[in-house]
S.K.: 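Attaching a single structure in structure tokens format; questions to follow.
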Amino acid sequence: MRLTNYSDYALRSLIYLATKPEPHLLANISDIANSYHISRSHLTKIIHQLGQLGYIDSVRGKNGGIRLACAPKDINLGVLIKQIEPDFNLVECFSTDLLINPKPDSSFNGNDDNAVAKDLSLTLIDEEASAGVKSGCIISPVCQLKQVFFEALTAFINVLERYTLADIISNEAELAELLFYRNGLTNFVK
């Protein structure tokens, strides 16, 4: 299984914001892009979506910037990946639909407008059977491999759901050394 660069850059952006020396101060997209040597324009789209999902706060204007909207312990990696990854189709005949509605027993962080679901359900949708679409594979209607892939994908997501952003920044000092101090990026907006 492979995540897109989009998900990778989203995770890196959150790591950057969670480990910056003064978390209450604003950072900017250019500094994140420069730290990781990635495209600023691509990162702008990612930051915009992370803001829409309630993971970061954006402040517009001359002294604007971004910062985490919630504590790192409240950002579940599995939930985040399910929200930003475009699809989990492992092979041509495999199709998933990620239900963005939280399970009935899940809770939310933040206010109702920018709530981030802690748990999202993952279901397998057999589009060929439901839509009468023929895939390139002749055995697709009876193939049991789709179920194996679905189990593997579910296990992958379940592992991610066991971790939060706080878990992956437990080595905060080492991350900060590589992201900020070696690159001289310690000027944040107040």
S.K.: Heavy atoms, side chains only, cut-off 4.5 Å: are Phe156 and Leu3 in contact?
M.R.: yes
S.K.: Which atoms form the tightest heavy-atom contact between Ser58 and Ile66, and what is the distance?
M.R.: OG-CG2, 3.7 Å
S.K.: I'd like to know if the side chain of Ser35 reaches the main chain of Leu179, judged simply by a donor and an acceptor atom lying under 3.5 Å from each other, with no hydrogens or angles considered.
M.R.: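 Such a contact is found between Ser35 side chain and Leu179 backbone.
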S.K.: Looking at every heavy atom in both Ala69 and Asp57, which two are closest together, and how far apart are they?
M.R.: CB-OD1, 3.4 Å
S.K.: Which heavy-atom pair separates Ala18 from Ile169 by the least distance, and what is that distance?
M.R.: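 Taking Ala18 first and Ile169 second, the nearest heavy atoms are CB-CD1, 3.6 Å.
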S.K.: Who passes salt bridge (charged side-chain N to carboxylate O under 4.0 Å, His left out) against Asp8, sequence neighbours left out?
M.R.: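 Here the qualifying residues are Arg12.
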S.K.: Show, in sequence, the C-alpha distance, side-chain angles and deciding distance for Thr154 and Phe149, and conclude whether the side-chain contact (heavy atoms from CB on, under 4.5 Å) test is met.
M.R.: CA-CA 8 Å; Thr154 302; Phe149 284 139; over 6 Å; no
S.K.: Roughly how far apart are Ser13 OG and Ile29 CD1, rounded to 0.5 Å?
M.R.: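 Separation between the atoms: 8.5 Å.
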S.K.: Is there a donor-acceptor pair closer than 3.5 Å between any side-chain N or O of Asn34 and the backbone N or O of Ser30?
M.R.: yes
S.K.: With no hydrogens and no angle check, is any side-chain donor or acceptor of Asn171 less than 3.5 Å from a backbone partner on Glu174?
M.R.: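 Between the backbone of Glu174 and the side chain of Asn171 there is no qualifying donor-acceptor contact (under 3.5 Å).
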S.K.: Is any side-chain heavy atom of Asn158 closer than 4.5 Å to a side-chain heavy atom of Arg162?
M.R.: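 The answer is no; the side chains never approach within 4.5 Å.
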S.K.: Between Leu68 and Ile75, is the side-chain contact (heavy atoms from CB on, under 4.5 Å) condition met? List the steps.
M.R.: CA-CA 10 Å; Leu68 285 180; Ile75 299 176; 4.1 Å; yes
S.K.: Quick check for you: to the nearest 0.5 Å, what is the distance between Leu165 atom CG and Leu77 atom CG?
M.R.: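 Interatomic distance, Leu165 CG to Leu77 CG, rounded to 0.5 Å: 6.5 Å.
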S.K.: Between Asp74 (side chain) and Cys70 (backbone), is there a donor-acceptor pair under 3.5 Å?
M.R.: no
S.K.: For the pair Leu25 and Arg67, evaluate side-chain contact (heavy atoms from CB on, under 4.5 Å) and give the outcome as yes or no after the intermediate values.
M.R.: CA-CA 7 Å; Leu25 298 181; Arg67 67 177 151 240; over 6 Å; no
S.K.: For the CG atom of Leu80 and the CG atom of Leu14, what is their distance to the nearest 0.5 Å?
M.R.: 6.0 Å
S.K.: Might you point out which heavy atoms bring Leu43 and Ile38 nearest each other, and give the distance in Å?
M.R.: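 Closest approach of Leu43 to Ile38: CD1-CD1, 4.0 Å.
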S.K.: Is it true that a side-chain atom of Asp167 and a backbone atom of Thr164 form a donor plus acceptor pair closer than 3.5 Å?
M.R.: yes
S.K.: I need the Lys82 NZ to Glu161 CD distance, nearest 0.5 Å.
M.R.: 3.5 Å
S.K.: For Thr4, what residues pass the side-chain contact (heavy atoms from CB on, under 4.5 Å) criterion, not counting sequence neighbours?
M.R.: Tyr6, Ser7, Glu85, Pro86
S.K.: Tell me every residue that passes ring pair (Phe, Tyr, Trp, His ring centres under 6.0 Å) with Tyr9, counting only those two or more places apart in sequence or in another chain.
M.R.: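 Ring pair (Phe, Tyr, Trp, His ring centres under 6.0 Å) check on Tyr9 returns His42.
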S.K.: Enter the distance from Ile32:CD1 to Ile47:CD1 here, rounded to the nearest 0.5 Å.
M.R.: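 If I round to the nearest 0.5 Å, the distance is 4.5 Å.
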S.K.: Passes side-chain contact (heavy atoms from CB on, under 4.5 Å), Thr44 versus Arg40? Steps please.
M.R.: CA-CA 6 Å; Thr44 300; Arg40 185 187 188 288; 3.6 Å; yes
S.K.: How close do Leu26 and Gly64 get, counting heavy atoms only, and between which atoms?
M.R.: CD1-C, 3.8 Å
S.K.: When rounded to the nearest 0.5 angstrom, what distance separates CG in Asp31 from CZ in Phe180?
M.R.: 8.5 Å
